[in-house]
Amino acid sequence: PFHMFYTMLHVSTSWMSREVWATAIYMALLFFSVALLLLKQKVNGFLLLLSAAAGLVYMYAMSALYANTLFNLWGGLFTYAGFFGTVLLTGGMIAGLLLVTALGFAREDVLIQRVVKISLAAGVAGLLLMLLGALSLLGNIGEPIYAGMTPRAMPEGLLNLNIIRVVLIGLGMFFAGRLLCQKNAQVTNGTLLMALAAICVFAGEAVGRVVFFSLGA
């Protein structure tokens, strides 16, 4: 514990240090954005944009932390595509839920449909990124999945977990698409469907994180 501060002192050479600072900056900007929103009841567009940019840097630093390891399956496009794909997929559904709920109370049915379309588009983009990352693993087939580490057996049950993940994400996209197909969005129904979509996608990505960390456990 007395050495934990060293993780912040090597930004020039350590991705761990970069991730620590990126996390701190992103969370600070996000806190100020929300605080100003609550105090002034008005969004600060510049601060929100700055927070989003810091979030992307933070996600890149986190991805690089895992990609720059001795474990081949964490290297390269797979990790970057998986992490940013999760941002688009999960973030799109959660943002859609919050906006649909707010717009539902304001009876903005047309805007609700537009928000759902954007959420679904972000989700599809995220899924395509994940697929691209998964396809990049084909180059490692036939090669050792480790480098400079003790050989070990691949954890069991990863295929079943992947199937569960796909089913959960598919259900989430279905619920969001079901809302999009409705002509007149009601606040209760719209919020319920987007809540189900967000919960399913979030659960699916939680399972995906179990699979990801099991590969390097």
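Hydrogens, waters and symmetry mates play no part in the numbers below; they use all other heavy atoms, side chains included.
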For this session: Can you see which heavy atom on Val11 is nearest to which on Arg18, and at what distance?
Result: O-NE, 2.6 Å
Problem set entry | Residues which pass side-chain contact (heavy atoms from CB on, under 4.5 Å) with Tyr60, listed by chain and number, not counting sequence neighbours | Trp15, Tyr80, Phe84
Problem set entry | Criterion side-chain contact (heavy atoms from CB on, under 4.5 Å) on Ile94 and Thr90, from CA distance to verdict | CA-CA 6 Å; Ile94 294 176; Thr90 310; 3.8 Å; yes
For this session: To the nearest 0.5 angstrom, please state how far the CZ atom of Phe175 sits from the CG atom of Leu180.
Result: 15.0 Å
Exercise. Given the rule in the side-chain contact (heavy atoms from CB on, under 4.5 Å) test, do Ile169 and Leu89 qualify, once you have shown the distances and angles that lead to the verdict?
Worked result: CA-CA 9 Å; Ile169 292 176; Leu89 176 60; 3.9 Å; yes
For this session: Output the distance between atom CG (Leu168) and atom CD1 (Ile164), rounded to the nearest 0.5 Å.
Result: 7.5 Å
Exercise. How close do Gly172 and Ala197 get, heavy atom to heavy atom, and via which atoms?
Worked result: O-CB, 3.2 Å
Exercise. Does any non-hydrogen side-chain atom of Leu127 lie less than 4.5 Å from one of Met173?
Worked result: yes
For this session: Could I get the full list of side-chain hydrogen bond (donor to acceptor under 3.5 Å, both in side chains) partners for Arg209, not counting sequence neighbours?
Result: Thr86
Exercise. Under 6.0 Å between the ring centres of Phe83 and Tyr58?
Worked result: no
Exercise. Is it the case that Ser63 and Thr79 place a side-chain donor and acceptor less than 3.5 Å from each other?
Worked result: no
For this session: Measure the CE-OG distance between Met8 and Ser14 for me, rounded to the nearest 0.5 Å.
Result: 12.0 Å
Exercise. Hey, mind stepping through Phe31 and Tyr26 against ring pair (Phe, Tyr, Trp, His ring centres under 6.0 Å) and telling me if it holds?
Worked result: CA-CA 9 Å; Phe31 172 80; Tyr26 169 61; over 10 Å; no
For this session: Only counting residues at least two apart or in another chain, list the ones meeting side-chain hydrogen bond (donor to acceptor under 3.5 Å, both in side chains) with Arg165.
Result: Glu205
For this session: Decide if atom CE of Met16 counts as having more than 12 heavy atoms of other residues, nucleotides or ligands within a radius under 6.0 Å.
Result: no
